[in-house]
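No hydrogens, no waters, no symmetry mates; every other heavy atom, side chains included, goes into these values.
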Amino acid sequence: MNDYFPDSVGFQTVAYTAVASIAVLLYDFIITFDSEVRWTWGREWGITRIIFIVSRYLPFVSLAMTVYYSVGSTHGGIPNHGTSTDVYDGVRWLGIAASELLLVLRTYVVWGCDKRFLILTLTFTTVVSVVVLVISDVSESESGDSTGVFEGGRNSSIVYGLLMLVELVLMALTLYKRCKSFRLEGSPLVITLYRDGVVYILCITLVSMANCISIVLLPPSYTGLLAGPQLVTHSVLASRILFNLRAMSDLQNTVTDELTSLGVVSQPIAFQTPPCTDHTELCDFTNC
């Protein structure tokens with residue numbers, strides 16, 4: 001370790017990127033705080049709300065740790081490196097996993113709240129998550145344990161490649177269901193589901209791809225360069241998926257109540273939802 005000279009420029013660049021990511025995440029938090037209050041506060045605690053809280057707030061902790069460890073690496077290394085990196089990896093991947101789970105739940109709604117689909121999808125993502133954690137641990141031990149600084153091995157690119165795989169599978173499932181449900185394109189809720197699914201997942205996939213490329217092409221000190229943008233993208237877009245779902249669900253309920261009270265219709269309107277979707281189950285998801 002005495003013969004190792006850390007790349008101060010690389011670690012400082014990573015720290016600057018993390019600070020910029022915190023600024024973006026904080027800005028998004030401010031402009032969407034009213035949506036969070038309206039669509040999550042005062043509701044009963046459920047699995048979706050817990051996942052949302054983790055995906056929305058844990059990235060702040062992870063980004064702060066990124067800044068601290070990057071700056072510490074420019075001053076000789078990180079104290080208790082092994083424990084510190086383990087904690088960092090746990091916090092970072094927990095935040096990303098929570099965001100991915102929101103994407104899975106949204107795809108679950110698109111597929112008609114089919115329990116078998118949910119079980120298969122969760123099994124697939126769980127297996128990928130375990131592989132990600134193993135590779136991440138091995139990657140950290142490749143270089144970081146010997147130098148005491150905040151950098152990982154080239155295997156880190158495989159981690160983001162696996163994330164891309166999950167995201168592409170979810171996007172493919174959404175597009176497949178969209179093709180089969182083309183006749184329902186007039187439903188606002190369905191439009192919201194498919195728009196969020198394709199556009200948001202595509203954005204997240206592009207960031208994962210950029211991470212893969214940067215890890216392969218740049219020096220080891222830049223391993224965490226796009227870790228911040230990755231966290232921000234996951235957190236911001238996953239939150240918007242939940243906000244949009246609940247907003248559209250509430251809008252449909254409001255229109256139904258108003259038309260019924262005015263006597264325009266004699267009974268509540270049955271808005272079209274994805275095929276095989278049980279309305280009660282959809283409401284449970286958007287209100288939990």
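Between Tyr160 and Met209 the shortest side-chain heavy-atom distance does not fall below 4.5 Å. The side-chain heavy atoms of Val166 and Phe124, taken from C-beta on, include a pair separated by under 4.5 Å. For the pair Thr121 and Thr107, the minimum side-chain heavy-atom distance is 4.5 Å or more. Under the 4.5 Å side-chain criterion, counting only non-hydrogen atoms from C-beta, Leu101 is not in contact with Thr48. Inter-residue side-chain proximity for Val14 and Ser221 is flagged as unmet; no heavy-atom pair is nearer than 4.5 Å. For the pair Glu100/Val128, no side-chain contact is recorded, criterion being any heavy-atom separation below 4.5 Å from C-beta on. Inter-residue side-chain proximity for Arg92 and Thr66 is flagged as unmet; no heavy-atom pair is nearer than 4.5 Å. You'll find the side chain of Leu102 reaches within 4.5 Å of the side chain of Ser55, heavy atoms only.
Placement of Val127 and Ile96 in two distinct hydrophobic clusters is found when ILVMFWY residues are connected by side-chain heavy-atom separations under 4.5 Å, directly or transitively. No continuous path of ILVMFWY side-chain contacts below 4.5 Å connects Val159 to Met164, so the two sit in separate hydrophobic clusters. Criterion: ILVMFWY side-chain heavy atoms under 4.5 Å apart, direct or through other members. Under it, Ile30 and Leu242 are part of a common hydrophobic cluster. In this structure, Leu173 is a member of the same hydrophobic cluster as Leu168, with clusters built from ILVMFWY side-chain heavy atoms closer than 4.5 Å. Neither Leu162 nor Ile213 shares a network with the other; the hydrophobic side chains, linked directly or stepwise wherever heavy atoms of I, L, V, M, F, W or Y lie under 4.5 Å apart, form separate groups for each.
Not a single donor-acceptor pair under 3.5 Å links the side chain of Ser235 to the backbone N or O of Val232. Without hydrogens or angle criteria, Asn211 side chain to Leu226 main chain gives a donor-acceptor distance under 3.5 Å.
Applying the side chain to side chain contact (heavy atoms under 4.5 Å, CB included) test to Ile50 and every residue at least two apart in sequence or in another chain returns Trp45. Considering only residues two or more places apart in sequence or on other chains, Ser99 meets the side-chain hydrogen bond (donor to acceptor under 3.5 Å, both in side chains) condition with none of them. The side chain to side chain contact (heavy atoms under 4.5 Å, CB included) test applied to Val37 returns Phe33, Trp41, not counting sequence neighbours. Applying the ring pair (Phe, Tyr, Trp, His ring centres under 6.0 Å) criterion to Tyr222, with sequence neighbours excluded, gives no partner residue. With sequence neighbours excluded, the residues satisfying side-chain hydrogen bond (donor to acceptor under 3.5 Å, both in side chains) with Thr32 are Arg56. Contacts of Leu94 classified as side chain to side chain contact (heavy atoms under 4.5 Å, CB included), with partners at least two apart in sequence or in another chain: Val54, Leu58. Residues forming a ring pair (Phe, Tyr, Trp, His ring centres under 6.0 Å) with Phe117 (at least two apart in sequence, or on another chain): Trp111. Residues forming a ring pair (Phe, Tyr, Trp, His ring centres under 6.0 Å) with Tyr68 (at least two apart in sequence, or on another chain): none.
Taking CD1 of Ile51 as the reference point, atom CD1 of Ile53 lies at 11.5 Å (rounded to 0.5 Å). The distance from atom CG of Leu103 to atom CD1 of Ile241, rounded to the nearest 0.5 Å, is 4.5 Å.
Side-chain contact check for Ser208 and Glu167: at least one donor-acceptor pair (N or O, by modelled atom type) lies under 3.5 Å. Gln12 and Thr74 are not linked by any side-chain donor-acceptor pair at a separation below 3.5 angstrom, with hydrogens and angles left out of the test.
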Show me the donor-acceptor pairs, under 3.5 Å and distance only, between side chains in residues 16-25 and residues at least two apart or in other chains.
| residue | atom | partner | partner atom | Å |
| --- | --- | --- | --- | --- |
| Thr17 | OG1 | Thr13 | O | 2.9 |
| Ser21 | OG | Thr17 | O | 2.8 |

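Of all heavy-atom pairs spanning Ile215 and Ser156, the tightest one is CD1-CB, 3.7 Å. Across all their heavy atoms, Val67 and Ala15 have their closest contact at CG2-O, 4.0 Å. Residues Tyr88 and Ser62 share a closest heavy-atom pair of CE1-O, 3.6 Å.
Taking the six-membered ring where the residue is Trp, the centroids of Phe52 and Phe243 are separated by under 6.0 Å.
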Step by step, work out the ring pair (Phe, Tyr, Trp, His ring centres under 6.0 Å) result for Tyr69 and Phe11. CA-CA 9 Å; Tyr69 291 157; Phe11 293 125; over 10 Å; no
Show your working on side chain to side chain contact (heavy atoms under 4.5 Å, CB included) between Trp39 and Asp34 and close with a plain yes or no. CA-CA 9 Å; Trp39 303 121; Asp34 59 334; over 6 Å; no
Steps toward side chain to side chain donor-acceptor pair (under 3.5 Å) verdict (Thr174, Arg106): CA-CA 9 Å; Thr174 301; Arg106 183 211 55 81; 2.8 Å; yes
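By the 4.5 Å side-chain criterion applied to Ile, Leu, Val, Met, Phe, Trp and Tyr, Ile31 is assigned to a cluster that also includes Tyr27. Taking Ile, Leu, Val, Met, Phe, Trp and Tyr as hydrophobic and joining them when side-chain heavy atoms fall under 4.5 Å apart, one finds Val207 isolated, its cluster having no other members. Counting side-chain heavy-atom gaps under 4.5 Å among Ile, Leu, Val, Met, Phe, Trp and Tyr, Leu120 is found in no cluster with other residues.
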